[in-house]
Amino acid sequence: MGQDNSSGKISKTSLTRRTVLSGAAAMGLSTVARAQAPAEVKVGLIVPLSGIYTRPGQVMKMGAEMGIEHINAQGGIKSLGGAKMKLVVIDCGDTTEKAKNAAQRMVAQETDLVAATGSYLSSFTLAVTEVTERAQLPVLTLSYSDLLTDRGFKFIFQTAAPASVQSQLGLPELMKLAEKASGKRPKTVAMLMDNTATSVATAKALKEKLLAQEGLQLVVEEVWTPPLADATPLIQKVRSARPDLLLFMPNAVSDAKLGLEKINEFGLGQGKIPTVSFSITIAEPDMLQSVTPEVVQGIMTIVANWGCKGHEDIIAELKTKYKEPWATQNVISTYGDMWLMKEALEKAGKADRLAVAEAFRTMDGGPAKYYPGGQLKFDEKGRRVGAGVVIVQWQNGVPVTVYPSDLAQASPFWPKKS
């Protein structure tokens with residue numbers, strides 16, 4: 001009995017000690033876990049906020065801010081104990097050299113960034129990602145150039161369809177539209193473009209394959225280096241050739257304004273020569289500061305993304321909060337990038353850039369909500385699987401989505417050539 005009582009006493013004491021130790025250990029682990037869970041997770045936005053490309057950079061910042069606000073309001077990153085996302089904004093300036101320097105500063109000073117997005121122009125993104133690749137920082141981008149994901153890099157993820165694919169998807173639809181509306185297909189085309197990486201990639205795909213495929217003869221081809229000083233010589237050549245179609249590809253609002261003003265001054269605007277672009281620049285709200293809605297009426301552009309059916313709440317909030325009249329690609333894509341980063345962080349389960357990069361590589365997030373077509377999934381090059389295009393057309397002072405039909409806000413029309 002005594003021994004039993006003694007054993008029982010010893011056993012009870014032992015259990016009590018183990019319980020205490022166990023509880024202490026649990027409390028300790030819990031404390032460690034809480035200490036390890038970050039209060040906030042930093043993500044980067046590297047875009048032009050000075051120089052001639054400031055405007056798209058500002059709009060991308062709006063999209064990022066809205067995305068982060070919505071994510072944090074809904075509980076932050078749940079797999080990290082509700083950690084909030086925090087935006088770090090870096091100005092990449094208006095030249096590739098400035099963009100590269102900005103990227104070097106970003107990776108040196110912001111060592112706890114887990115991902116970033118940017119950099120508007122493909123030329124800038126090419127320079128920036130040379131730096132971020134070495135730093136193993138995953139970067140999302142809506143930039144178009146095929147080169148971005150043709151270099152074998154492991155830390156870049158292209159949410160937009162590359163330029164060659166955009167041309168391939170968009171040009172046949174334009175030709176169908178022209179034939180349906182006017183009864184005949186365009187036969188001749190003029191191409192005016194800047195020499196940024198996006199325009200170069202688009203033109204390469206057009207000239208090597210797509211123009212011939214669609215039965216189009218290239219009668220004028222002119223290239224300028226931004227900023228465009230005088231559009232007169234370019235438009236004079238178009239006036240002399242009188243093509244059935246003009247492909248006009250500026251990537252700076254100031255260049256787009258100069259070109260459109262000259263097109264109308266020479267009596268070629270308002271559908272006299274149907275004009276199509278391959279960038280969002282020509283549909284920026286700033287265009288209406290120097291040209292009237294009549295000047296841009298009917299002009300179309302093929303882009304990687306745009307505010308469309310299903311984005312009504314975001315567009316309404318953008319109008320209220322930032323006084324933006326409509327949502328360009330830059331807003332919607334950058335907003336979507338924040339949610340894509342959240343998805344990767346949830347999957348990674350830790351605020352670590354290598355884990356986040358791996359989460360992007362292995363992600364299979366289903367149909368894309370904030371990008372046209374395809375999946376929230378990347379192929380071996382880092383290109384979003386099935387990424388589509390949107391065709392936008394100026395109608396009554398607003399550039400609206402007219403293709404694809406499931407995302408369209410209005411039906412398209414083809415300007416009548418006089």
Side-chain angles (χ1 to χ4, degrees), residues 42-69 85-107 109-110 113 115-129 131-132 137 139-145 148 156 158-160 194 196-199 226-228 250-257 279-287 289 301 303-307 314 318 321-338 340-341 370 399:
K42 290 184 181 178
V43 297
L45 174 73
I46 180 165
V47 290
L49 293 170
S50 57
I52 63 173
Y53 303 108
T54 298
R55 171 70 181 156
Q58 291 172 332
V59 176
M60 292 172 81
K61 183 167 174 279
M62 295 173 195
E65 289 173 347
M66 283 176 58
I68 284 185
E69 186 178 331
M85 285 176 67
K86 181 179 180 181
L87 186 68
V88 177
V89 181
I90 300 100
D91 177 11
C92 71
D94 57 358
T95 67
T96 53
E97 185 177 358
K98 289 178 184 176
K100 185 175 182 179
N101 290 339
Q104 288 170 337
R105 286 197 306 277
M106 177 175 72
V107 300
Q109 296 172 4
E110 306 292 344
L113 285 179
T117 182
S119 313
Y120 180 57
L121 276 188
S122 289
S123 307
F124 297 171
T125 310
L126 283 164
V128 164
T129 49
V131 176
T132 53
L137 177 67
V139 172
L140 298 172
T141 186
L142 60 80
S143 296
Y144 295 175
S145 174
L148 289 164
I156 182 169
Q158 196 171 24
T159 59
D194 65 23
T196 62
T198 293
S199 298
L228 182 60
N251 279 291
V253 171
S254 55
D255 290 0
K257 287 176 181 174
S279 78
I280 71 156
T281 307
I282 208 158
E284 287 277 9
D286 288 13
M287 293 304 303
Q289 291 178 8
T301 187
V303 292
N305 204 351
W306 203 258
I314 299 171
L318 187 71
K321 191 169 185 176
Y322 295 104
K323 312 303 178 193
E324 287 291 307
W326 54 81
T328 66
Q329 154 187 288
N330 292 322
V331 169
I332 295 298
S333 280
T334 314
Y335 179 87
D337 288 352
M338 296 302 115
L340 204 51
M341 290 177 186
Y370 303 117

A.B. asks: Quick one: closest heavy-atom pair of Pro56 and Asn330, and the distance?
C.D. replies: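 Closest heavy-atom pair between Pro56 and Asn330: CB-ND2, 3.5 Å.
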A.B. asks: Quick check: do Tyr370 and Ile314 have side-chain heavy atoms less than 4.5 Å from each other?
C.D. replies: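 In contact.
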A.B. asks: Heavy atoms, side chains only, cut-off 4.5 Å: are Leu126 and Thr96 in contact?
C.D. replies: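 Side chain of Leu126 against side chain of Thr96, heavy atoms only: no contact under 4.5 Å found.
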A.B. asks: Taking atom NZ of Lys257 and atom CG of Asp255, what is their separation to the nearest 0.5 Å?
C.D. replies: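 Going from the NZ atom of Lys257 to the CG atom of Asp255 covers 11.0 Å.
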A.B. asks: Minimum heavy-atom separation for Leu142 to Ser333, with atom names?
C.D. replies: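 Closest heavy-atom pair between Leu142 and Ser333: CD2-CB, 3.2 Å.
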A.B. asks: Side chains of Thr132 and Met106: closer than 4.5 Å at any heavy-atom pair?
C.D. replies: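 Yes; the side chains approach each other to less than 4.5 Å.
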A.B. asks: Quick one: does any side-chain atom of Ser145 pair with a main-chain N or O of Thr198 as donor and acceptor, under 3.5 Å?
C.D. replies: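 Side chain of Ser145 to backbone of Thr198, a donor-acceptor pair under 3.5 Å: no, none is there.
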A.B. asks: So which heavy atom on Ala256 is nearest to which on Met287, and how close?
C.D. replies: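 Looking at all heavy atoms of both residues, the shortest contact is CB-SD, 3.8 Å.
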A.B. asks: Would you say Pro285 and Thr328 make side-chain contact, with heavy atoms under 4.5 Å?
C.D. replies: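 Yes, close enough: below the 4.5 Å cut-off.
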A.B. asks: Using modelled atom types only, decide if a donor and an acceptor are shared between the side chain of Trp326 and the backbone of Trp306 within a distance under 3.5 Å.
C.D. replies: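 Pair absent, no side-chain N/O of Trp326 close to backbone of Trp306.
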A.B. asks: Heavy atoms only: give me the nearest Ile46-Cys92 pair and the separation to one decimal.
C.D. replies: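 Ile46 and Cys92 have their closest heavy atoms at CG1-CB, 3.7 Å.
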A.B. asks: Any donor-acceptor pair under 3.5 Å linking the side-chain atoms of Thr125 with those of Ser143?
C.D. replies: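 Yes, Thr125 and Ser143 have a side-chain donor paired with an acceptor closer than 3.5 Å.
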A.B. asks: Determine which pairs satisfy salt bridge (Lys or Arg N to Asp or Glu O under 4.0 Å) with at least one residue from residues 95-105, sequence neighbours left out, and list them in order.
C.D. replies: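 Every salt bridge (Lys or Arg N to Asp or Glu O under 4.0 Å) pair that includes a residue of residues 95-105, provided the two are not neighbours, is Asp94-Lys98.
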A.B. asks: From Asn251 CG over to Asp194 CG, what is the distance, rounded to the nearest 0.5 angstrom?
C.D. replies: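 Answer for the CG-CG pair, Asn251 versus Asp194, is 4.5 Å.
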A.B. asks: Any side-chain heavy atom of Met62 within less than 4.5 Å of one from Lys321?
C.D. replies: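 A side-chain contact under 4.5 Å is absent here.
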A.B. asks: Enter the distance from Leu113:CG to Ile90:CD1 here, rounded to the nearest 0.5 Å.
C.D. replies: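 Atom-to-atom, Leu113:CG and Ile90:CD1 are 6.0 Å apart.
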A.B. asks: Identify the two heavy atoms, one from Val89 and one from Leu87, that lie closest to each other, and give their separation to 0.1 Å.
C.D. replies: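 Val89 and Leu87 have their closest heavy atoms at CG2-CD2, 3.7 Å.
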A.B. asks: Can you see which heavy atom on Leu137 is nearest to which on Ala116, and at what distance?
C.D. replies: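 Where Leu137 meets Ala116 most closely, the heavy atoms are CD2-CB, 4.2 Å.
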A.B. asks: Look only at the side chain of Ser122 and the backbone of Tyr144, and say whether a donor-acceptor pair between them is shorter than 3.5 Å.
C.D. replies: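 Side chain of Ser122 to backbone of Tyr144: a pair is present.
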A.B. asks: When rounded to the nearest 0.5 angstrom, what distance separates OG in Ser119 from CG in Leu45?
C.D. replies: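 Answer for the OG-CG pair, Ser119 versus Leu45, is 9.0 Å.
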A.B. asks: Is there a donor-acceptor pair under 3.5 Å between the side chain of Gln329 and the backbone N or O of Ala304?
C.D. replies: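 Yes.
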A.B. asks: I'd like to check Leu49 versus Gln58 (side-chain heavy atoms, cut-off strictly below 4.5 Å). Are they in contact?
C.D. replies: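 Leu49 reaches Gln58 side chain to side chain.
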A.B. asks: Would you find a donor on one side and an acceptor on the other, under 3.5 Å apart, between the side chain of Ser123 and the backbone of Thr196?
C.D. replies: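 No, Ser123 side chain to Thr196 backbone: no donor-acceptor pair under 3.5 Å.
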A.B. asks: Can you tell me how far apart CD1 (Ile52) and OG (Ser254) are? Round to the nearest 0.5 Å.
C.D. replies: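 That separation rounds to 5.0 Å.
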A.B. asks: For Glu65 and Lys61, what are the C-alpha separation, side-chain angles and deciding distance, and is it a side chain to side chain contact (heavy atoms under 4.5 Å, CB included)?
C.D. replies: CA-CA 6 Å; Glu65 289 173 347; Lys61 183 167 174 279; 2.8 Å; yes
A.B. asks: Just by modelled atom types, is the Gly51 backbone N or O under 3.5 Å from a matching donor or acceptor in the Thr54 side chain?
C.D. replies: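 Checking the backbone N and O of Gly51 against the side chain of Thr54, a donor-acceptor pair under 3.5 Å is found.
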A.B. asks: Please examine the side chains of Ile280 and Thr301, heavy atoms only from C-beta on, and report whether any two atoms are closer than 4.5 Å.
C.D. replies: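 Side chain of Thr301 against side chain of Ile280, heavy atoms only: no contact under 4.5 Å found.
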A.B. asks: Assign the ring pair Phe124 / Tyr53 to parallel, tilted or perpendicular, where the plane angle (0 to 90°) is split at 30° and 60°.
C.D. replies: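 Judged by the thresholds at 30° and 60°, the geometry between Phe124 and Tyr53 is perpendicular.
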A.B. asks: Heavy-atom distance under 4.5 Å between the side chains of Thr159 and Leu340, does that happen here?
C.D. replies: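 A side-chain contact exists here, since the closest heavy-atom pair is under 4.5 Å.
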A.B. asks: Measuring from Met85:CE to Ile68:CD1, what's the distance to the nearest 0.5 Å?
C.D. replies: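 Met85 CE to Ile68 CD1: 4.5 Å, rounded to 0.5 Å.
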